[in-house]
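These notes concern the structure reproduced below.
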Amino acid sequence: MPPNKNYNSPADLITPAASLSDLRNAAQECRGCDIWERATQAVLGEGGPGAEVMLVGEQPGDREDIEGHPFVGPAGKILDRALEEAGIKRSKVYITNAVKHFNSIQRGRLRIHKKPNAREIAACRPWLDAEIARVRPKVIVCLGATAAQALISRTFRVSTQRGVLMESALAPLIGATVHPSSILRAPDEESRHREMRQFVDDLKKIAHHLPPSALAGTP
């Protein structure tokens, strides 16, 4: 069902002069699709303008929805650790998601993640485009298939194309790797360790394309 004409869409809320802080505030009024009805709040990205790297996941999770910050749950802890091991300064990273509200289904007292559909991703795209325009990252890294297929190609396959950087109209370079939540879903400790090493290796490839200011061990 299309959104109510009286509801605010991104086109109504995003102004050319809006800062990242303005965007975060404005997104709270977004009714571009119906996910907002099941969410606590919109969660835009964090990190300042001029961040060298933008990481784009799928959507906020339960913890992110409650706290209002991206990647603060278990997947965020995995991501922080991987960035540190890859030698990328967390302060030089802007982290966001393709969809700004937590899409879920209710099972008893639990809210279970539900993958956003193509219409919902498209409805939220102006927010992501606005973030990219203000941050102007040197490299965009898509975390998982949803972000990769939204920003790179609908036929992109993370399993076979992960860690490869290519030129893009969105940023000088764009690439993809797995979403850190996939590491948490690995069936055993050995698998988790292997997946974590591959994830860090992907981030190390990205680090090679960053200026020294974005790397750990530099002022």
With ILVMFWY side chains joined below 4.5 Å, transitively, what does I105's cluster contain besides itself?
L110, I112

When you group the ILVMFWY residues by side-chain heavy-atom contacts below 4.5 Å and let the links chain together, are I78 and V43 in the same group?
no

Option passing side chain to side chain donor-acceptor pair (under 3.5 Å) with D65 (candidates H101, Q59, R111):
R111

Are the charged groups of K100 and E131 less than 4.0 angstrom apart, N to O?
yes

Does any non-hydrogen side-chain atom of V53 lie less than 4.5 Å from one of K92?
no

In one Ile/Leu/Val/Met/Phe/Trp/Tyr side-chain cluster, 4.5 Å: L13, V99
no

Flag if over 12 foreign heavy atoms under 6.0 Å of CD, Q106:
yes

Of all the heavy-atom pairs spanning E64 and G73, show the shortest one and how long it is.
OE2-N, 3.0 Å

Are there over 12 heavy-atom neighbours, none belonging to E167, within less than 6.0 Å of that residue's CD?
no

Please check this pair: side chain of N8 against backbone of R31, looking for a donor-acceptor N/O pair closer than 3.5 Å.
no

Between K205 and D201, is there a salt bridge with N-O shorter than 4.0 Å?
no

For residues V158 and L203: do they belong to one hydrophobic cluster (side chain heavy atoms under 4.5 Å, members Ile, Leu, Val, Met, Phe, Trp, Tyr)?
yes

Measure across A123 and P126 and return the closest heavy-atom pair with its distance rounded to 0.1 Å.
O-CD, 3.4 Å

Nearest heavy-atom contact between A27 and L44 is CB-CD1, 3.2 Å

Please tell me if the side chains of E120 and K115 come closer than 4.5 Å, counting only heavy atoms from C-beta onward.
no

For the pair E84 and R81, find out whether any cationic side-chain nitrogen is under 4.0 Å from an anionic carboxylate oxygen.
no

Partners meeting ring-ring contact (aromatic ring centres under 6.0 Å, His included) with H179 (sequence neighbours left out)
F71

